[in-house]
Amino acid sequence: EEGDRCIMVPFPVAITREVQEGKIVHDCNPTLVEQEVTTAAVITVDTQVQAGTMLIFKNTGTAAATVAGIECAGSYVTTMMYDGNGYIKIGTSEIA
């Protein structure tokens with residue numbers, strides 16, 4: 001993009017968002033979400049970012065959550081990226 005309204009940010013600024021009414025607002029890069037999922041859940045994402053933006057979901061519970069169509073297992077952190085069309089799973093790490 002070009003123009004007066006463009007701002008150059010030399011590094012990403014992680015912002016924490018919460019699941020509210022079964023939805024996450026993904027409006028920054030990266031977006032960090034921590035949720036204790038105790039029963040299987042489907043969470044939708046209101047995507048307000050450009051392609052290449054990360055969404056990191058830390059599931060501290062025991063049940064899986066499906067976030068934007070991606071399974072996020074309990075006791076794992078799942079890193080996703082918006083590719084302009086949908087979310088892709090980049091990887092997972094076990095919560096120590």
Side-chain angles (χ1 to χ4, degrees):
E1 295 184 24
E2 297 178 359
D4 295 336
R5 296 184 62 179
C6 291
I7 298 171
M8 179 182 236
V9 179
F11 55 90
V13 177
I15 303 294
T16 301
R17 296 289 185 240
E18 295 180 3
V19 176
Q20 295 182 347
E21 298 179 8
K23 183 168 69 172
I24 298 168
V25 175
H26 187 192
D27 60 351
C28 53
N29 184 36
T31 297
L32 307 175
V33 180
E34 184 173 330
Q35 182 77 21
E36 182 179 4
V37 181
T38 55
T39 59
V42 175
I43 300 170
T44 60
V45 179
D46 177 8
T47 306
Q48 301 176 10
V49 293
Q50 65 184 15
T53 304
M54 300 290 184
L55 173 62
I56 301 169
F57 188 83
K58 183 177 184 179
N59 184 351
T60 59
T62 56
T66 302
V67 178
I70 298 191
E71 184 174 324
C72 300
S75 300
Y76 278 83
V77 175
T78 303
T79 302
M80 298 166 267
M81 182 182 74
Y82 180 66
D83 69 2
N85 187 53
Y87 286 86
I88 58 174
K89 185 179 195 176
I90 301 296
T92 60
S93 60
E94 190 170 7
I95 297 172

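For this chain, numbers begin at 1 and follow the sequence in order. The model shown is predicted, which means the values in this text are computed figures rather than measured ones.
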**Student:** Please report the shortest heavy-atom distance between T92 and T78, naming the atom on each side.
**Tutor:** CG2-OG1, 3.7 Å

**Student:** If hydrophobic clusters are built from ILVMFWY residues whose side chains come within less than 4.5 Å, do M80 and V49 share one?
**Tutor:** yes

**Student:** Same hydrophobic cluster for M81 and I70, using side-chain heavy-atom links shorter than 4.5 Å among ILVMFWY?
**Tutor:** no

**Student:** Applying a strict under-4.5 Å side-chain criterion to I, L, V, M, F, W and Y, I'd like to know whether V19 and V77 cluster together.
**Tutor:** no

**Student:** Of the non-hydrogen atoms in G84 and A51, which two are nearest, and what is the gap between them?
**Tutor:** N-CB, 3.6 Å

**Student:** Can you confirm whether L55 sits close enough to T53 that some side-chain heavy atom of one is under 4.5 Å from a side-chain heavy atom of the other?
**Tutor:** no

**Student:** Looking only at heavy atoms, what is the nearest atom pair of I90 and M54, with distance?
**Tutor:** CG1-SD, 4.4 Å

**Student:** If you look at every heavy atom in A63 and A40, which pair is closest and at what distance?
**Tutor:** CB-N, 3.7 Å

**Student:** Quick check: closest heavy atoms across A14 and L32, and the distance to 0.1 Å?
**Tutor:** CB-CD1, 3.7 Å

**Student:** Does anything in residues 47-69 pair up under salt bridge (Lys or Arg N to Asp or Glu O under 4.0 Å), and if so which pairs, sequence neighbours excluded?
**Tutor:** none

**Student:** Under the rule for side chain to side chain donor-acceptor pair (under 3.5 Å), what residues qualify as partners of T79, not counting sequence neighbours?
**Tutor:** none

**Student:** If we only count heavy atoms from C-beta on, is the T31 to I15 side-chain gap below 4.5 Å?
**Tutor:** no

**Student:** Please report the closest heavy-atom contact between C72 and V67, naming both atoms and the distance.
**Tutor:** SG-CG2, 3.8 Å

**Student:** Does any pair with a residue in residues 65-94 pass salt bridge (Lys or Arg N to Asp or Glu O under 4.0 Å), and if so which ones, sequence neighbours excluded?
**Tutor:** none

**Student:** Please list, chain by chain and in numerical order, all residues satisfying ring pair (Phe, Tyr, Trp, His ring centres under 6.0 Å) with Y87, sequence neighbours excluded.
**Tutor:** H26, Y82

**Student:** With sequence neighbours excluded, give me every salt bridge (Lys or Arg N to Asp or Glu O under 4.0 Å) pair touching residues 26-53.
**Tutor:** R17-D27

**Student:** According to ring pair (Phe, Tyr, Trp, His ring centres under 6.0 Å), does anything in residues 40-71 pair up with another residue at least two apart or in another chain? List the pairs.
**Tutor:** none

**Student:** Just by distance, do the side chain of N59 and the backbone of Y76 share a donor-acceptor pair under 3.5 Å?
**Tutor:** no

